[in-house]
Number of protein chains: 2
Amino acid sequence: MANERPVTRRPGRPRAERPVLTRPAILEAALALVDEEGMEALSMRRLAARLRVDAMSIYHHLPNKAAIVSGLVEAVFATMPPTPAEGPWPDRVRAWARDYRDLALAHPHLVLQIVTDSAAASEATILISEPLYAALEDAGLTAPQIVVAAGTLVDFVNGYALALSPPAADAGAPEADPMGQRLAALGPDQVPAIRRVQAGLGGQSPSGADYFDACLDIIIRGVTPP
Amino acid sequence: MANERPVTRRPGRPRAERPVLTRPAILEAALALVDEEGMEALSMRRLAARLRVDAMSIYHHLPNKAAIVSGLVEAVFATMPPTPAEGPWPDRVRAWARDYRDLALAHPHLVLQIVTDSAAASEATILISEPLYAALEDAGLTAPQIVVAAGTLVDFVNGYALALSPPAADAGAPEADPMGQRLAALGPDQVPAIRRVQAGLGGQSPSGADYFDACLDIIIRGVTPP
DNA sequence: ACCTGAACACCGTTCAAGT
DNA sequence: ACCTGAACACCGTTCAAGT
């Protein structure tokens, strides 16, 4: 079951009108493969097997593996929903940040590439930033202030998404643990402030969407000049 | 010159008192290799060649490659300088964020692992966070507010460092371009707000340390409850 | 033009063999 | 205990060959 061998197919150009392989079909299969089995499962051979095709056939449509990954990132960025240009600017900034977070987390195994492969996606990055810039203009900021505010927000969401991305299945690394358990191993006097804060939480820390929104509030509050 | 072959060495336990291979020596060599040639140059065989040793010898000291990477991240976190617990809390938060940024950027090819491999480093992550928590306590925040503020800051610095990390030499991805050049290719009406901001900058955008400090100012300002 | 399959130069890791 | 070297199961990619 592990080795889904491609059916043997006679070499040569296929007779059918519809070509066997196309760039979109390859990217679609690659995205499904990554979503299901993670980034380390994306190899030319396994992708080809999924497409029931010889591994080398892919090179006729995409120059190399890096181009496949770039194509995936590009495709994901294209799914960013349009942010409406109405309403108070803080609401629009918040909506934009949530949309961008959702985009990044829609394909957990791809988060690293989305956040990292900025060269591949930088055109897309600029395109999706437009509503954010528009909202920050409405906040009455100067040009340099807008650049800084937008950068703060993007860097934060990138960092946030990255922290939630699944670990790369490193066998050598210890398992991810909730912070509480690690804390217990640390000795009571090494991290007194952290222990006090943990105690102050009473066992329940802000999590998920609440946490993200609270972080956003900090940045949005800080954006407004005093 | 590319293939620095290991000298042939008789198998068996070395006679010398000092063992040929130790965990620290392996990690030191691995860090040098990564710093000089990047993450993709870190292979068991190349690391072994640098240590003038058979590739498999390494497995007697570290269980696998993931453990080497985790060890590197751990070693880097250990270099975090102590933040003084004196002075106004905003200064201490700023100093902490700069130190953490410097730590992350000290080994550019390792940024991705530092920011990503949080499971491996989470004990170290907690340890270095202590002064940040202490400073935020002094700001008079409640426990949940401290958790949110610290998280915002850490996620931001992670995202910031990641954006500055060298691309993984993806041959298929287009070259990284300054934003201005990409903008030109985008058509004047697609991103009007971004174009207006670019024009407002007059060609000089805040960069480097100034940019980072300006971002920090936003977050620190937003942390203080109104 | 498009698909195939052998081949090359790498990987990480297991395992039996040396001392 | 520690180091070696062959071997296994993978990689990405090149290239000559098919139609």
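Everything numeric in this text was worked out from a predicted model, so none of it was measured.
- In this structure, the CZ atom of A:R46 is 16 Å from the C1' atom of C:dC11, given to the nearest Å.
- As judged by a 4.0 angstrom heavy-atom cut-off over every strand, B:I68 is placed among residues making no nucleic acid contact.
- In this structure, B:R52 atom CZ and D:dC2 atom P are separated by 23 Å, rounded to whole Å.
- Note on B:S43: only backbone sugar-phosphate atoms sit closer than 4.0 angstrom, heavy atoms only; bases stay farther off.
- By the salt bridge (charged side-chain N to carboxylate O under 4.0 Å, His left out) test, B:E37 pairs with B:R46, sequence neighbours left out.
- Protein atom CE of A:M44 is 8 Å distant from nucleotide atom C1' of D:dT13, rounded to whole Å.
- The salt bridge (charged side-chain N to carboxylate O under 4.0 Å, His left out) test applied to B:D210 returns no partner, not counting sequence neighbours.
- Picking from C:dC3, D:dC3, D:dT13 the nucleotide with the shortest atom distance to the side chain of A:Y59 gives D:dT13.
- Distance, B:N64 CG to C:dC11 P: 17 Å, rounded to whole Å.
- Nucleic acid contact class of B:I58 (heavy atoms, under 4.0 Å, all strands): none.
- One interatomic measurement links the two molecules: CG of B:L47 to P of C:dC11, which rounds to 11 Å at whole-angstrom precision.
- Under the 4.0 Å criterion applied to side-chain N and carboxylate O atoms, B:R50 and B:E36 are assigned as salt-bridge partners.
- For DNA chain C, the stems formed by at least three consecutive Watson-Crick or G-U pairs, with both atom-pair distances below 3.5 Å, span C:4-8 with D:12-16, C:12-16 with D:4-8.
- For the pair B:L42 CG and C:dG12 C1', the computed distance is 12 Å after rounding to whole Å.
- Contact between the side-chain N/O atoms of B:H61 and the OP1/OP2 oxygens of D:dA1 is not found at any separation under 4.0 Å.
- Nearest-nucleotide mapping onto DNA chain C: of A:A55 and B:A41, the residue sitting toward the 5' end is A:A55.
- Between A:D213 and A:R98 a salt bridge is recorded (basic side-chain N to carboxylate O distance below 4.0 Å).
- Applying the ring-ring contact (aromatic ring centres under 6.0 Å, His included) rule to B:F212 yields the partners B:F156, B:Y160; only residues at least two apart in sequence or on another chain are considered.
- A close approach under 4.0 Å does occur between a side-chain nitrogen or oxygen of A:S57 and OP1 or OP2 of C:dT4.
- A:Q190 meets the side chain to side chain donor-acceptor pair (under 3.5 Å) test with no other residue; sequence neighbours excluded.
- When each of D:dC15, D:dT4, D:dC11 is scored by its nearest atom to the side-chain atoms of A:M56, the top-ranked nucleotide is D:dC15.
- For A:R92, the side-chain contact (heavy atoms from CB on, under 4.5 Å) partners are A:A134, A:A135, A:D138, not counting sequence neighbours.
- Atom C1' of nucleotide D:dC15 and atom NE2 of A:H60 are separated by 11 Å, given to the nearest angstrom.
- Taking atom CZ on B:R45 and atom P on C:dC11, their separation rounds to 7 Å, with Å as the unit.
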